[in-house]
Participant: 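Have a look at this one before I ask anything.
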Amino acid sequence: MNLRAVKGMKDILPDEISKWHRLESAFRQRVEGYGFREARFPIVEPTALFVRSIGETTDIVEKEMYTFTDRGDKSLTLRPEGTASSVRAFVQHSVQAREPVTKWYYVGPMYRRERPAKGRYRQFYQAGIEVFGDPGPFIDAEVIDMVVGVISTLGITEVEVLVNSIGGPEARENYRVALLAYLAPYRAELCADCQRRVDANPLRVLDCKVPRCAEIAADAPSILKHLTDDDRAHFDGLQETLTILGTPYRVDGSLVRGLDYYTRTLFEVLGKGEGLGAQNALLGGGRYDQMVKSFGGPDTPAIGFAMGLERLLMAMPESEPDSHVDVFIVAAQAGVRGEATLLGRELRDAGLRVESDLRGGSLKSQLRRADKINTRIAMILGEEEVEEGVVQLKDLQNKTQDKVPRAEAAQRVHALLSE
RNA sequence: GUGGGUGUAGCUCAGUGGUAGAGCACUGGAUUGUGGCUCCGGGUGUCGCGGGUUCAAUUCCCGUCACUCACCCCA
């Protein structure tokens, strides 16, 4: 077999899917509880959308995008994240004109051409939310508290919530100047990447993991000291609200994030459990108050986050094995297979999930099959049962068997399942 | 992009310079229409690909590709 899935892209087979469903429905249920509504955006967008929003000098844009030229001359890109599309759609449809605050969520695949690693794929799934029109800081705290809720619903307990503020444009400019002044004498000691970053985007030096860079960064002036009064009040408000909510968090002044569009609030949730490896950033997000305006929309503050589904999956505890069907129909003789097929339809019409082996085979092998897939109920139909208008209702879990009128079969199963 | 590890049955893996095994899974049976446990039986592989050494390579060497882990980056 030389036709394989493309590097970094994975098939998700039915055996794994229930965990995905559990994750996605927990997310949907939680965020819908806060008034978020789902939106779906194209996977392909104009390349310029990402270059302008994520930032020209970011790694994502510089070397990780799946960009191609459409028939003709348009440069298109497989979306590497969801926020840019959300903002584009928000502006394109003038959503601000119909409601003062917009709360959207999305779930879907994203694409980044990175070297695959544990928990990092080239097609990966994100679930995220965006709030447009609320400047915070209460909404910021509520969003952070909401993600903590999502995560704990999934049974993930070992996490740490990091928050930071990088201020608005004014604070960032002031800070950039101060940071450059601080870094200047160390310039030669920084790693090659950081030497480049100093010119392109000095904030990202703070995020460097190279030991010497990290040492230098540790003593760098904090951006928190350069916040404007408004920025400061915003950040204080966020923290006070988190305290009221009882959401544990830690302020981390080195939290910068790799996307250029953020302003003020930044946050990240780190998984601390075993098995995550280096890909322990479960989710990240922040405020991007300038982006809507820069896309030609009205001046609209916004905040959002995205979580990496594969990583959440790794951090989630294993689920109980359960069956994908409620009833397995067994035909005792080849001659009643037609009747068994009809019985299946009757039960499905009554709302049950029913499977059978229409190829036939011995009674024993059919029951083995029922057991194998963890079905709770086996329903045996043979010549005698057809004649009497009954079925043998076998509870494979409690090892009991009853002869029940066929017309009551579905109702009896429902009763058993809801016990 | 850099470095390491691994490639043998559907899966997890053992093994040998003379073309290969286990467990699981799948499947048949242990008397007439009853699962899980047990017992008996069955099929399955271009031993990743290419080249080299050799009488002979799945086993040794080189290359290559794939997968994987770490760094990096991020979700």
Side-chain angles (χ1 to χ4, degrees), chain A residues 1-10 13 15 54 58-64 79-83 107-128 147 151 191-194 197 204 207-211 213 255-259 267-271 275-286 304-315 328 330-336 359 361-386 392-401:
Chain A
M1 178 68 178
N2 47 15
L3 249 27
R4 306 174 47 89
V6 171
K7 188 186 187 76
M9 315 228 171
K10 292 222 169 309
L13 267 18
D15 282 350
I54 297 169
T58 57
D59 283 5
I60 294 177
V61 169
E62 274 183 348
K63 49 198 185 193
E64 295 173 0
R79 62 182 187 191
E81 56 108 50
T83 298
V107 180
M110 306 294 165
Y111 302 83
R112 266 131 85 165
R113 221 202 96 99
E114 298 176 89
R115 183 84 170 254
K118 189 185 179 75
R120 182 174 73 189
Y121 304 100
R122 291 181 172 185
Q123 173 177 311
F124 59 102
Y125 293 81
Q126 285 191 338
V147 307
I151 287 185
C191 71
D193 278 337
C194 283
R197 288 174 183 141
R204 300 190 56 221
D207 210 23
C208 187
K209 305 291 191 298
V210 173
C213 295
L255 178 59
V256 170
R257 313 215 60 73
L259 293 77
F267 60 96
E268 183 167 292
V269 175
L270 262 26
L276 278 173
Q279 312 303 320
N280 65 343
L282 259 22
L283 104 222
F305 74 82
M307 43 189 224
L309 266 34
E310 286 83 354
R311 293 173 190 187
L312 255 6
L313 241 28
M314 289 192 292
F328 196 92
V330 174
Q333 295 89 18
V336 299
R359 298 170 310 168
S362 68
L363 183 58
K364 185 194 282 278
S365 69
Q366 292 181 60
L367 276 171
R368 244 203 290 270
R369 186 75 206 142
D371 184 62
K372 201 77 204 172
I373 62 174
N374 276 311
T375 321
R376 171 77 189 276
I377 308 289
M379 212 172 270
I380 302 168
L381 190 68
E383 285 156 5
E384 294 168 29
E385 286 79 13
V386 171
Q392 299 288 350
L393 197 163
K394 186 177 179 69
D395 183 331
L396 294 171
Q397 194 176 301
N398 296 333
K399 306 174 192 187
T400 57
Q401 182 167 332

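Below, chains carry the letters A, B, ... as their sequence lines are ordered, and counting in each starts from 1.
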Participant: Atom CD of A:Gln392 and atom P of B:G35: how far apart are they, to the nearest Å?
Facilitator: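 Atom-to-atom, A:Gln392 to B:G35, this comes out as 14 Å.
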
Participant: Would you give the length of the straight line joining atom CG of A:Leu270 to atom CG of A:Leu283, rounded to the nearest 0.5 angstrom?
Facilitator: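 A:Leu270 CG to A:Leu283 CG: 10.0 Å, rounded to 0.5 Å.
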
Participant: Test for a donor-acceptor pair under 3.5 Å between the base of B:U34 and the side chain of A:Lys364, counting only N and O atoms.
Facilitator: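 Not at all, since no donor on one side and acceptor on the other fall under 3.5 Å apart.
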
Participant: What pair of heavy atoms forms the shortest contact from A:Ala332 to A:Ile380, and how long is it?
Facilitator: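 Scanning both residues completely, I find the closest heavy atoms to be CB-CG2, 4.5 Å.
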
Participant: Could you tell me which residues satisfy side chain to side chain donor-acceptor pair (under 3.5 Å) with A:Asn398, sequence neighbours excluded, listed by chain and number?
Facilitator: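 Applying side chain to side chain donor-acceptor pair (under 3.5 Å) to A:Asn398 gives A:Asp395.
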
Participant: Check whether any side-chain nitrogen or oxygen of A:Lys399 sits under 4.0 Å from OP1 or OP2 of B:C37, and answer yes or no.
Facilitator: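 No, A:Lys399 has no side-chain N/O under 4.0 Å of OP1/OP2 on B:C37.
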
Participant: Take the protein atom CD of A:Gln333 and the nucleotide atom C1' of B:U34, then report the distance between them rounded to whole Å.
Facilitator: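 Between C1' of B:U34 and CD of A:Gln333: 12 Å.
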
Participant: Does A:Gln333 use its side chain to pair, donor to acceptor, with the backbone of A:Glu383 at less than 3.5 Å?
Facilitator: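 Such a contact is found between A:Gln333 side chain and A:Glu383 backbone.
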
Participant: Suppose you measure atom C1' in B:U6 against the same atom in B:G48; what distance do you get, rounded to whole Å?
Facilitator: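 Result for the C1' pair: 11 Å, nearest Å.
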
Participant: Can you list everything that forms a side chain to side chain donor-acceptor pair (under 3.5 Å) with A:Gln392? Sequence neighbours excluded, please.
Facilitator: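 A:Gln392: side chain to side chain donor-acceptor pair (under 3.5 Å) contacts with A:Glu385, A:Gln401.
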
Participant: For A:Val61, which residues count as a side chain to side chain contact (heavy atoms under 4.5 Å, CB included) partner, sequence neighbours excluded?
Facilitator: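 Counting only residues at least two positions away or on another chain, A:Val61 forms a side chain to side chain contact (heavy atoms under 4.5 Å, CB included) with A:Val51, A:Ile54, A:Thr58, A:Met65.
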
Participant: Treat a base pair as Watson-Crick or G-U wobble with both distances under 3.5 Å, then lay out RNA chain B in dot-bracket form, 5' to 3', with | for cross-strand pairs.
Facilitator: (((((((..((((.......)))).(((((.......))))).....(((((.......))))))))))))....

Participant: In whole angstrom, give the distance that lies between atom CZ of A:Phe124 and atom C1' of B:C73.
Facilitator: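 After rounding, the gap between these two atoms is 11 Å.
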
Participant: Write down the distance separating the C1' atoms in B:U16 and B:G21, rounded off to the nearest Å.
Facilitator: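 Per the computed distance, 11 Å lies between those C1' atoms.
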
Participant: NA contact type, A:Ala306, heavy-atom cut-off 4.0 Å: base, sugar-phosphate, or nothing?
Facilitator: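 If one applies the 4.0 Å heavy-atom cut-off, A:Ala306 turns out to touch the sugar-phosphate alone, with no base involved.
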
Participant: Apply side chain to side chain donor-acceptor pair (under 3.5 Å) to A:Gln123 and list each qualifying residue two or more places apart in sequence or on a separate chain.
Facilitator: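 Applying side chain to side chain donor-acceptor pair (under 3.5 Å) to A:Gln123 gives A:Tyr111, A:Tyr125.
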
Participant: Counting any heavy atom closer than 4.0 Å, what does A:Lys63 reach on the DNA or RNA strands: base, sugar-phosphate only, or nothing?
Facilitator: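 Here A:Lys63 touches no strand at all.
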
Participant: Are there any protein N/O atoms within less than 3.5 Å of an N/O atom in nucleotides 3-6 of chain B, and if so, which ones and at what distance?
Facilitator:
| unit_1 | atom_1 | unit_2 | atom_2 | d |
| --- | --- | --- | --- | --- |
| B:G3 | O6 | A:Arg115 | NH2 | 3.3 |

Participant: What's the closest nucleotide to the A:Asp371 side chain, out of B:G36, B:G29, B:A75?
Facilitator: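 Ranking B:G36, B:G29, B:A75 by closest atom to the A:Asp371 side chain puts B:G36 first.
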
Participant: Whole Å only: how far is the CE atom of A:Met9 from the P atom of B:A66?
Facilitator: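 After rounding, the gap between these two atoms is 14 Å.
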
Participant: If you check the A:Arg120 side chain, which of B:G36, B:U34, B:C72 turns out closest?
Facilitator: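 Side chain of A:Arg120 sits closest to B:C72.
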
Participant: Whole Å only: how far is the CE atom of A:Met110 from the P atom of B:A75?
Facilitator: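 These atoms are roughly 11 Å apart.
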
Participant: Please report the distance separating the C1' of B:U12 from the corresponding atom of B:G18, rounded so that it comes out in whole Å.
Facilitator: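 The answer is 29 Å between these two C1' atoms.
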
Participant: Please identify each residue that fulfils side chain to side chain contact (heavy atoms under 4.5 Å, CB included) with A:Arg113, with sequence neighbours left out.
Facilitator: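 Applying side chain to side chain contact (heavy atoms under 4.5 Å, CB included) to A:Arg113 gives A:Tyr66, A:Arg122.
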
Participant: Could you tell me how far B:A20 sits from B:G45 if I compare only their P atoms? Round to whole Å.
Facilitator: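 B:G45 and B:A20 have their P atoms separated by 11 Å.
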
Participant: Using atom P of each nucleotide, how far apart are B:G15 and B:U31 to the nearest Å?
Facilitator: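 Rounded to whole Å, the distance is 41 Å.
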
Participant: A:Ala378: which residues meet the side chain to side chain contact (heavy atoms under 4.5 Å, CB included) condition with it, sequence neighbours left out?
Facilitator: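 With sequence neighbours excluded, A:Ala378 shows a side chain to side chain contact (heavy atoms under 4.5 Å, CB included) to A:Leu367, A:Lys394, A:Leu396, given in chain and number order.
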
Participant: Please give the distance between the C1' atoms of B:A30 and B:C37 as a whole number of Å.
Facilitator: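 Roughly 14 Å separates the two C1' atoms.
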
Participant: Is there side-chain contact between A:Lys10 and A:Glu310, with at least one heavy-atom pair below 4.5 Å?
Facilitator: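 No - every pair of side-chain heavy atoms lies 4.5 Å or more apart.
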
Participant: State which residues pass side chain to side chain contact (heavy atoms under 4.5 Å, CB included) with A:Glu114; sequence neighbours excluded, sorted by chain then number.
Facilitator: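 Only A:Glu64, A:Arg112, A:Arg120 meet the side chain to side chain contact (heavy atoms under 4.5 Å, CB included) criterion with A:Glu114.
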
Participant: Check this one for me: any side-chain N or O of A:Lys118 less than 4.0 Å away from OP1 or OP2 of B:U68?
Facilitator: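 Checking A:Lys118 against B:U68: no side-chain N or O falls below 4.0 Å of OP1 or OP2.
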
Participant: A:Leu312 versus A:Met307: any side-chain heavy-atom pair under 4.5 Å?
Facilitator: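 Of all side-chain heavy-atom pairs linking A:Met307 with A:Leu312, at least one is under 4.5 Å.
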
Participant: Take the protein atom CG of A:Leu367 and the nucleotide atom P of B:G28, then report the distance between them rounded to whole Å.
Facilitator: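 About 13 Å, once rounded to whole Å.
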
Participant: Tell me if the side-chain of A:Glu385 makes a donor-acceptor pair with the base of B:G33, cut-off 3.5 Å, by modelled atom types.
Facilitator: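 Yes, the side chain and the base share a sub-3.5 Å donor-acceptor pair.
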
Participant: Of the listed nucleotides (B:U34, B:C73, B:G29), which one gets closest to any side-chain atom of A:Glu64?
Facilitator: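 The listed nucleotide nearest to A:Glu64's side chain is B:C73.
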
Participant: So which one's nearest nucleotide on RNA chain B is more toward 5', A:Gln126 or A:Gln397?
Facilitator: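 So the residue in question is A:Gln397.
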
Participant: To the side chain of A:Glu384, which of B:G35, B:G29, B:G33 is closest?
Facilitator: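 Of the options given, the side chain of A:Glu384 lies nearest B:G33.
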
Participant: With no angle test and no hydrogens, is the base of B:U34 tied to the side chain of A:Gln366 by a donor-acceptor pair under 3.5 Å?
Facilitator: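 Not at all, since no donor on one side and acceptor on the other fall under 3.5 Å apart.
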
Participant: List for me each residue that meets side chain to side chain donor-acceptor pair (under 3.5 Å) alongside A:Gln126, sequence neighbours excluded, and say none if there are none.
Facilitator: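 With neighbours one apart ignored, the set is empty.
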
Participant: P atom, B:U46 versus B:C11: distance in rounded Å?
Facilitator: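 After rounding to an integer number of Å, I get 11 Å for this pair.
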
Participant: Between A:Ala332 and A:Tyr121, which has a closest nucleotide on RNA chain B that is more 5'?
Facilitator: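 Nearest-nucleotide comparison on RNA chain B picks A:Ala332.
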
Participant: Not counting sequence neighbours, list each pair that qualifies as a salt bridge (charged side-chain N to carboxylate O under 4.0 Å, His left out) and has a residue in residues 364-373 of chain A.
Facilitator: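 Found none.
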
Participant: Rounding to an integer number of angstrom, what distance separates B:G7 and B:C40 when you compare their P atoms?
Facilitator: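 So the two P atoms sit 32 Å from each other.
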
Participant: What's the CD-P distance between A:Glu114 and B:A75, to the nearest Å?
Facilitator: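 Value for this atom pair: 9 Å.
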
Participant: Specify the separation, in whole Å, of atom CG of A:Asn280 and atom P of B:C72.
Facilitator: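 In whole Å, B:C72 P lies 11 Å from A:Asn280 CG.
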
Participant: For nucleotides 24-27 of chain B, list the nitrogen or oxygen atoms of the protein found under 3.5 Å from its nitrogen or oxygen atoms, one pair per line.
Facilitator:
| unit_1 | atom_1 | unit_2 | atom_2 | d |
| --- | --- | --- | --- | --- |
| B:C26 | OP2 | A:Lys372 | NZ | 3.2 |

